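Have a look at the structure below, then the notes.
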Amino acid sequence: MKKLLAFILCAVMVLSFAGCASFRPYSEIEADGKLIVATNATFPPYEFIDDNGDFAGIDIEIIEAVGEYLGLEVVIENMEFDSIITSVSTGKADIGIAGMTVTEDRLKNVDFSETYATGKQVIITSSESGIKGVADLAGKKVGVQTGTTGDIYASDDSSIGSVEQYNSGTEAVLALSQGKIDAVIIDNEPAKKYIEKYEGLVIIDEEYTFEEYAMCIAKGNDELTAKINEALKALEDKGTLKSIIDKYINADTDEK
Ligand code: ARG
């Protein structure tokens, strides 16, 4: 009986710890010399795997520059987009950078750094679909990347026929090109990259939402958040942020 009670007590303790937020404070990260970064490298031009098999993109270069400023080695952990927040809030990764939009809901689970870029959700469809804007999505099959803001908006829009979730925008756009779905809701810059290799896919120029991208950090890891913001500010002042963004996004046609 005593053994059973002890076992139950242990199980309860383990379970309650598992649900707790935990993180490495900055002093610990500094002593280790490594910043563990969670991302989902399926999202060009923000993060993707280049032809040499290396991580590349705006977010990758920004976090590398932040690491350099702080004197930390950046270790990238590639995972599903909807695992990033859990990974950061349970302390498996110190920070997440993934073209991630700051939302009220996410703020319940993680803190965010200062905004370093902006985006918007757009609709990708085929030029023959007749879809000209959000209203035309009524009754249609819409593809999204699981757990993204595109997924959240589509799922909240009861006029949409069905929301099909994919592991990446690439897979959603592939399904669109094969006629399996009618449209994809996704961030504007990745949308441009995703359609590059397909003929007959178009981006509908109706702004769905305006969004701000920031890095997510475990709730209460204030020391780390302050260091990241200090680094971002320094990189902004030096013009590094702008030159990284300009390198990947045509500076004449886009705001950021
Ligand atoms: N901005 C959108 C969001 O926060 C999409 C981000 C997707 N990022 C990625 N690396 N797959 O939900």
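As the structure is a computational prediction, the values presented were derived from the model and not from experiment.
- For the pair Lys242 and Asp246, the salt-bridge criterion is met [side-chain N within less than 4.0 Å of a carboxylate O].
- Between Tyr248 and Glu61, the closest side-chain pair of non-hydrogen atoms falls below 4.5 Å.
- The distance from atom CD of Glu64 to atom OG1 of Thr240, rounded to the nearest 0.5 Å, is 13.5 Å.
- A distance below 6.0 Å separates the ring centres of Tyr46 and Tyr213.
- Across Gly147 and Ile152, no two heavy atoms sit closer than the pair O-CD1, 4.4 Å.
- Contact check for Phe81 versus Thr146: no side-chain heavy atoms found under the 4.5 Å cut-off.
- The two residues Ser89 and Ala218 make their nearest non-hydrogen contact at CA-CB, 4.5 Å.
- One distance of note links CG of Asp94 with CD of Glu77; it measures 9.5 Å at 0.5 Å rounding.
- Ile228 has its side chain within reach of Leu70: a pair of non-hydrogen atoms, C-beta onward, lies under 4.5 Å apart.
- Within 6.0 Å of atom CD in Glu171, more than 12 heavy atoms from other residues, nucleotides or ligands are found, so the atom counts as buried in its surroundings.
- Under the 4.5 Å side-chain criterion, counting only non-hydrogen atoms from C-beta, Tyr166 is not in contact with Val144.
- Nearest heavy-atom pair across Ile185 and Ala154 is CD1-CB, 4.1 Å.
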Inset, instruction - Mind running side chain to side chain contact (heavy atoms under 4.5 Å, CB included) on Val134 and Asp157 for me, showing each step along the way? - result: CA-CA 10 Å; Val134 178; Asp157 184 340; 4.2 Å; yes

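- Between Asp182 and Lys141 there is no salt bridge, since no side-chain nitrogen of the basic residue lies less than 4.0 Å from a carboxylate oxygen of the acidic one.
- Cluster membership for Ile63 and Phe112, using ILVMFWY side-chain heavy atoms within less than 4.5 angstrom, is not shared.
- For the residue pair Tyr69 and Ala234, the shortest heavy atom distance occurs at CE1-CB, 3.5 Å.
- No donor-acceptor pair under 3.5 Å is formed between the side chain of Asn52 and the backbone N or O of Asp54.
- Considering Leu35, Val88, Val74 in turn, Leu35 is the only one that fulfils the side-chain contact (heavy atoms from CB on, under 4.5 Å) rule with Ile95.
- Counting only heavy atoms from C-beta outward, the side chains of Ile49 and Phe55 approach each other to under 4.5 Å.
- Of the N and O atoms on the side chains of Thr225 and Glu223, not one donor lies less than 3.5 Å from an acceptor on the other residue.
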Inset, instruction - Would you check, one step at a time, whether the test side chain to side chain contact (heavy atoms under 4.5 Å, CB included) holds for Arg106 with Met100? - result: CA-CA 10 Å; Arg106 289 174 181 164; Met100 189 180 281; 3.4 Å; yes

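- Crowding of Glu199 atom CD: a count of heavy atoms from other residues, nucleotides or ligands under 6.0 Å not exceeding 12.
- With no hydrogens or angles considered, no side-chain donor-acceptor pair links Gln121 and Asn188 at under 3.5 Å.
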Inset, instruction - Could you give me the CA-CA distance, side-chain angles and deciding distance for Glu212 and Thr101, then say whether side chain to side chain contact (heavy atoms under 4.5 Å, CB included) is met? - result: CA-CA 5 Å; Glu212 295 189 321; Thr101 306; 5.9 Å; no

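- In summary, Asp32 and Arg24 engage in a salt bridge, as defined by a charged side-chain N under 4.0 Å from a carboxylate O.
- No path of Ile, Leu, Val, Met, Phe, Trp and Tyr side chains, each step under 4.5 Å between heavy atoms, connects Val110 with Ile62, placing them in separate hydrophobic clusters.
- Counted within 6.0 Å of CD on Glu230, heavy atoms from surrounding residues, nucleotides or ligands total more than 12; the atom is thus considered enclosed.
- Residues Leu137 and Ile131 form a side-chain contact, since some pair of their non-hydrogen atoms from C-beta on lies under 4.5 Å apart.
- Hydrophobic clustering (side-chain heavy atoms under 4.5 Å, transitive across Ile, Leu, Val, Met, Phe, Trp, Tyr) groups Val122 together with Phe43.
- With hydrogens and angles ignored, the 3.5 Å screen pairs a side-chain donor or acceptor of Asp136 with a backbone N or O of Gly133.
- Note that CD of Glu236 is 9.5 Å distant from CD of Glu114, once rounded to the nearest 0.5 Å.
- Between the side chains of Tyr116 and Asp59, at least one donor N or O lies within less than 3.5 Å of an accepting N or O.
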Legend entry - Residues Thr42, Asn40; criterion side-chain hydrogen bond (donor to acceptor under 3.5 Å, both in side chains); working and verdict: CA-CA 6 Å; Thr42 67; Asn40 169 249; 2.7 Å; yes

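- Of all non-hydrogen atoms in Val66 and Met215, the two that sit nearest each other are CG2-CE, 4.4 Å.
- Side-chain atoms of Thr103 and Asp105 form no donor-acceptor pair, as typed in the model, at a separation below 3.5 Å.
- With Asn78 contributing its side chain and Ala41 its backbone, the two residues share a donor-acceptor pair below 3.5 Å.
- By the 4.5 Å heavy-atom criterion applied to side chains, Val184 and Ile123 are not counted as neighbours.
- Looking only at distances, no side-chain donor or acceptor of Lys192 sits under 3.5 Å from a matching main-chain atom of Ile203.
- Rounded to the nearest 0.5 angstrom, Lys120 NZ and Thr149 OG1 are separated by 14.0 Å.
- Side chain of Ser129 to main chain of Thr125: no donor-acceptor pair is present (N/O by atom type, distance under 3.5 Å, no hydrogens or angles).
- The closest donor-acceptor contact from the side chain of Asp111 to the backbone of Gly220 lies under 3.5 Å.
- With hydrogens and angles disregarded, no donor-acceptor distance shorter than 3.5 Å links the side chain of Asp187 to the backbone of Pro190.
- At a threshold of 4.0 Å, the pair Lys233-Asp237 counts as salt-bridged, since one of the basic side-chain nitrogens sits closer than that to a carboxylate oxygen.
- Here Tyr153 contributes atom OH and Ile160 contributes atom CD1; the two are 12.5 Å apart, rounded to the nearest 0.5 Å.
- Note on Leu235 and Ile245: same hydrophobic cluster, where clusters join Ile, Leu, Val, Met, Phe, Trp and Tyr whose side-chain heavy atoms are under 4.5 Å apart, directly or indirectly.
- To the nearest 0.5 angstrom, Cys216 atom SG is 10.0 Å from Asn109 atom CG.
- The closest side-chain heavy-atom distance from Gln145 to Asn167 is not below 4.5 Å.
- Ile85 and Val37 fall into different hydrophobic clusters, defined by Ile, Leu, Val, Met, Phe, Trp and Tyr side-chain heavy atoms under 4.5 Å apart, directly or through other members.
- Scanning all heavy atoms of the two residues, the minimum distance from Ala191 to Ile186 falls at CB-CG2, 3.8 Å.
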